[in-house]
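To start, the structure itself, in structure tokens.
Lettering follows sequence order; numbering is per chain, from 1.
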Number of protein chains: 2
Amino acid sequence: MTTTRNPADTRQKILAAAFQEIHRQGYQGMRVDRVLSKTGLKKGALYHHFCSKQALGFAVLDKLIAKRIAELWIEPLQDCTDPLQDIHDLYERLGNICGEEFFTLGCPLNNLAQEMSPIDDGFRERIGRIFQSWQQALSKALQAGQERGLVDKGIDAEDCATFILSAVEGALGMTKTRQDMAVYYRCGRELQRYLNSLRAIHPAGTKPDSGG
Amino acid sequence: MTTTRNPADTRQKILAAAFQEIHRQGYQGMRVDRVLSKTGLKKGALYHHFCSKQALGFAVLDKLIAKRIAELWIEPLQDCTDPLQDIHDLYERLGNICGEEFFTLGCPLNNLAQEMSPIDDGFRERIGRIFQSWQQALSKALQAGQERGLVDKGIDAEDCATFILSAVEGALGMTKTRQDMAVYYRCGRELQRYLNSLRAIHPAGTKPDSGG
DNA sequence: TTTTACAAACAGACCGGTTGGTCTGTTTAA
DNA sequence: TTAAACAGACCAACCGGTCTGTTTGTAAAA
């Protein structure tokens with residue numbers, strides 16, 4: 001029967017509903033009652049699994065959002081061949097994977113960052129760690145590209161990673177503001193122009209691998 | 001005496017306090033009572049000048065925030081000489097004008113956009129108009145640069161303006177998330193790299209004005 | 001100039017709905 | 001048998017907004 005108890009599943013249901021609520025209304029705008037009505041559970045269940053609204057918010061951040069970022073951005077960059085190409089591919093891929101509704105709601109991580117970073121240390125530290133690992137993945141990929149001669153050795157990989165991350169989040173934010181996915185794709189093309197400007201320069205008239 | 005009534009001044013005081021509150025806590029996080037305690041006024045005064053919390057929020061957006069954006073970004077771009085240089089200068093200038101505290105709180109306009117665009121039509125329309133004029137200013141400046149031969153005629157000024165706006169807001173957002181102005185300056189250097197990629201290309205070995 | 005009238009500009013008590021959280025009791029699984 | 005896993009009534013604090021009463025500026029009337 002479906003009436004059998006399953007604590008792990010209950011916990012997951014609560015997390016999923018809370019994630020949706022936070023994604024739509026923000027953390028402060030999320031109401032525990034709405035999470036409950038969405039799951040069909042009662043307060044006893046929620047406060048059995050999570051000791052407070054804040055603990056629930058942290059759990060959503062640590063368990064769902066961080067995982068999503070890792071799957072979409074960090075792991076694919078671990079062993080990429082051409083970082084400049086791959087970063088743009090990941091950007092484009094996000095547009096295919098996620099529906100239009102997702103884009104009108106914005107990046108869950110950045111939403112929380114903008115809302116909570118200045119007013120809650122717990123959120124700021126957790127969010128900071130996630131962004132840190134994201135940026136590191138970008139930076140490492142660019143450095144690997146430099147070693148392979150695909151990326152200009154004159155650039156500072158850390159700086160570029162910071163900018164790419166900012167630009168991606170900026171594009172997602174503007175897409176959300178305008179409620180128009182066309183903004184996302186336009187920004188994607190210009191991001192590609194920037195990425196190309198990071199390419200290793202080879203002497204005119206020679207191919208990258210033909211030089212001596 | 002300072003006890004004499006001054007409605008216009010009272011209204012301005014309320015707006016200023018509300019702006020600070022919104023900047024720190026967001027619109028939903030702003031409390032009417034805190035605005036009042038900050039101004040020393042009572043509810044009677046506030047609800048005499050503004051019929052609701054929402055009306056107060058709209059007023060802050062229309063009177064304070066829109067004005068600030070116009071002064072900092074739109075008006076300076078009206079008659080600029082070299083848009084690519086001037087856009088970067090405006091970016092750098094913002095870092096000098098505004099204190100560190102401002103950056104840890106983020107762009108007031110984008111904060112509101114991220115928080116309210118998906119859940120309130122009134123805010124979304126107002127915010128959309130402001131961003132629209134901002135982007136138009138960037139776009140027009142780039143087009144003027146194209147006509148003067150300073151900007152590559154192959155680029156789409158609208159697309160570039162969208163990306164620049166997104167990148168600037170993204171940089172401000174990441175600065176806020178990290179609570180570190182160094183992020184802002186790093187992004188500034190990479191933004192400049194992007195802007196340089198929009199420069200008109202002149203034949204190798206010739207100066208821009210010496211070509212025939 | 002003084003008085004009166006009146007609306008604008010507030011003060012501040014009050015209210016109803018909302019919200020996160022608690023507490024006790026009951027059911028389920030081991 | 002027992003502890004975990006819930007149900008659901010209940011609560012205190014908060015919060016936007018209302019309402020009535022009071023003060024102040026001002027312009028017309030005397």
Would you mind reading off the distance between A:K42 atom NZ and C:dG21 atom C1', rounded to a whole angstrom?
16 Å

Between B:Y184 and B:M174, is there a side-chain heavy-atom distance shorter than 4.5 Å?
no

A:K38, NZ: over 12 other non-hydrogen atoms inside 6.0 angstrom
yes

In whole angstroms, the gap separating P of D:dC6 from CZ of A:R11 amounts to 12 Å

Scan B:N110, B:N111, B:T104 and name whichever one has a side chain to side chain donor-acceptor pair (under 3.5 Å) with B:K176.
B:N111

Measuring from the side chain of A:Y47 (C-beta onward, heavy atoms only), which nucleotide among D:dC6, C:dG20, C:dA11 has the closest atom?
C:dG20

I need the CZ-P distance between B:F50 and C:dA9, as an integer number of Å.
12 Å

OP1 or OP2 of C:dC10 versus the side-chain N and O atoms of B:H48: is any pair under 4.0 Å?
no

Give a yes or no on whether the ring-centroid distance for B:Y194 and B:F163 is below 6.0 angstrom.
yes

So, OP1 or OP2 of C:dA8: does either fall under 4.0 Å of a side-chain N or O from B:H49?
no

Is there a side-chain polar atom (N or O) of A:T10 under 4.0 Å from OP1 or OP2 of D:dA5?
no

Ignoring hydrogens and geometry, is there a side-chain-to-backbone donor-acceptor pair from A:Y27 to A:Q54 under 3.5 Å?
yes

Could you give the NZ-to-C1' distance, from B:K53 to D:dC15, as a whole number of Å?
9 Å

Using whole Å, what does the distance between atom C1' of nucleotide D:dA4 and atom CG of A:N6 come to?
13 Å

With a 3.5 Å cut-off and just heavy-atom distances, do the side chain of B:K43 and the base of D:dG16 make a donor-acceptor pair?
yes

What is the distance, rounded to the nearest whole Å, between atom CG of A:D33 and atom C1' of C:dT18?
9 Å

Whole angstrom is fine here: how far is it from CG in A:D9 over to P in D:dA4?
20 Å

C:dG20 phosphate, OP1 or OP2, under 4.0 Å from A:R31 side-chain N/O
yes

Test for a donor-acceptor pair under 3.5 Å between the base of C:dA29 and the side chain of A:R5, counting only N and O atoms.
no

5'-most contact on DNA chain C: A:V32 or A:G44, nearest heavy atom basis?
A:V32

A:R34 side chain, from C-beta outward: closest of D:dG8, C:dT19, D:dC6:
C:dT19

Just the rounded figure in Å: distance from C1' of D:dG16 to CG of B:L46.
11 Å

